[in-house]
Colleague: 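Here it is: the structure, laid out below.
Keep in mind that this is a model prediction, so the values were computed, not measured.
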Amino acid sequence: GFYQKGEYDLAGFMVGVVEKSAIVDGRRAAEGDAVIGLASSGLHSNGYSLARRVVEHSGASLQEVPTGFSCTLGEALLSPTRIYVKPVRAAMKEVDVRAIAHITGGGLLDNIPRTLPDELGVRLDGRWDVPPIFRWLAQSGPVEPQECRRTFNMGIGMTIVVPAAQAERAVQFFNAQGEKASVIGEVVRVPSGQERVHIEAL
């Protein structure tokens with residue numbers, strides 16, 4: 001429903017190489033570790049099929065400024081994706097980074113568990129700032145809360161797991177790098193068969 005006859009999409013990407021000894025694969029994550037959240041700037045190129053359907057269903061104009069927005073709806077939907085590689089690489093020299101999850105397609109619910117051992121999950125407090133665009137999409141759809149969490153990043157573009165004793169240091173470091181970081185939860189042990197991401201309130 002997006003590409004019209006005669007149109008095409010040109011995309012670019014990068015491929016990186018990492019020394020095996022430097023790989024962060026989540027195996028060292030442990031119960032009680034802190035989960036640091038790095039704020040997103042918006043949809044981050046994920047969930048647009050659903051977002052487009054919501055916009056079409058709502059009948060809203062992309063030029064309008066919905067309540068609580070500081071820009072037009074169209075500008076909010078097209079907010080550029082934040083790229084975290086530089087601050088994360090720098091943080092790895094300052095704190096013990098044990099797991100990293102890029103919150104892309106699959107949202108908070110699918111991406112975080114992929115970075116942790118099978119017996120671990122996370123409990124998130126849900127008290128971070130959720131950009132207005134996600135509230136608007138949820139209400140205008142309407143889109144169920146669980147579907148939002150599985151499709152959108154809900155304001156968290158990346159999660160970093162560090163030892164609890166280093167959490168404050170990590171937050172201060174990321175904020176000094178120009179990111180908006182906060183402790184958003186902790187790593188917990190999860191019985192087999194149970195959901196591995198629990199969000200207290202969002």
Colleague: Output, in order, the C-alpha distance, side-chain angles, deciding distance and verdict of side chain to side chain contact (heavy atoms under 4.5 Å, CB included) for V197 and V122.
Modeller: CA-CA 5 Å; V197 177; V122 295; 4.0 Å; yes
Colleague: So, S58 side chain and V55 main chain: donor-acceptor pair closer than 3.5 Å or not?
Modeller: yes
Colleague: On a heavy-atom basis, which atom in A29 and which in L116 lie closest, and how many Å separate them?
Modeller: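 Heavy atoms only, the tightest pair is CB-CD2, 3.6 Å.
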Colleague: Considering non-hydrogen atoms only, spot the tightest contact between P131 and G155 and give its length.
Modeller: CD-CA, 3.4 Å
Colleague: Quick one, F134 and V143 - any side-chain contact, counting heavy atoms below 4.5 Å?
Modeller: no
Colleague: Counting C-beta onward and ignoring hydrogens, is there a side-chain heavy-atom pair between L43 and L137 closer than 4.5 Å?
Modeller: yes
Colleague: Which atom pair, heavy atoms only, marks the closest approach of V54 to G141?
Modeller: CG1-N, 3.7 Å
Colleague: Does this structure show an ion pair linking R82 with E179, if we count only N-O contacts that are shorter than 4.0 Å?
Modeller: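 Judged by the 4.0 Å cut-off on N to carboxylate O distance, R82 and E179 do form a salt bridge.
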Colleague: For G47, does its backbone N or O pair with a side-chain atom of T151 as donor and acceptor, under 3.5 Å?
Modeller: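 Side chain of T151 to backbone of G47, a donor-acceptor pair under 3.5 Å: no, none is there.
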Colleague: Given the rule that I, L, V, M, F, W and Y join up when any side-chain heavy atoms are under 4.5 Å apart, are V97 and V183 in one cluster?
Modeller: yes
Colleague: Give the minimum heavy-atom separation between Q63 and T72, together with the two atoms involved.
Modeller: O-CG2, 3.5 Å
Colleague: Within a reach of under 6.0 Å around CD of E144, are more than 12 heavy atoms found that belong to other residues, nucleotides or ligands?
Modeller: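 Not buried by this count: 12 neighbours or fewer within 6.0 Å.
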Colleague: Please examine the side chains of V95 and F173, heavy atoms only from C-beta on, and report whether any two atoms are closer than 4.5 Å.
Modeller: no
Colleague: Count the heavy atoms belonging to other residues, nucleotides or ligands that lie under 6.0 Å from CD of E119, then report whether that count exceeds 12.
Modeller: yes
Colleague: Could you tell me whether the side chain of N153 reaches within less than 4.5 Å of the side chain of N46, counting heavy atoms only?
Modeller: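 Side chain of N46 against side chain of N153, heavy atoms only: no contact under 4.5 Å found.
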Colleague: Mind listing the closest non-hydrogen atom pair of G68 and P132 along with its distance?
Modeller: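 Result for this residue pair: O-CG, 3.5 Å.
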Colleague: With no hydrogens and no angle check, is any side-chain donor or acceptor of R127 less than 3.5 Å from a backbone partner on I184?
Modeller: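 No, because the side chain of R127 does not come within donor-acceptor range (under 3.5 Å) of the backbone of I184.
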Colleague: Can you check whether I103 reaches H44 side chain to side chain, under 4.5 Å on heavy atoms?
Modeller: no
Colleague: Okay, side chain of T115, backbone of G26: is any donor-acceptor separation there less than 3.5 Å?
Modeller: no
Colleague: If you count the non-hydrogen atoms of other residues, nucleotides and ligands that lie under 6.0 Å from CZ in R28, is the total more than 12?
Modeller: yes
Colleague: Spell out, yes or no, whether V130 and W136 are grouped together once hydrophobic residues are joined by side-chain heavy atoms under 4.5 Å, including indirect joins.
Modeller: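 Looking at the clustering, W136 is in the same group as V130.
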Colleague: Given side chains that start at C-beta, do those of R150 and D110 come closer than 4.5 Å, heavy atoms only?
Modeller: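 The answer is yes, as the side chains (C-beta and beyond) meet within the 4.5 Å cut-off.
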Colleague: Evaluate side chain to side chain contact (heavy atoms under 4.5 Å, CB included) for E7 paired with K5, printing each intermediate quantity in order.
Modeller: CA-CA 6 Å; E7 293 183 349; K5 186 175 181 179; over 6 Å; no
Colleague: Does R98 reach the side chain of V187, with side-chain heavy atoms less than 4.5 Å apart?
Modeller: no
Colleague: Measure the shortest side-chain to side-chain distance between Y84 and I100 over non-hydrogen atoms and say whether it is less than 4.5 angstrom.
Modeller: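 They are not in side-chain contact.
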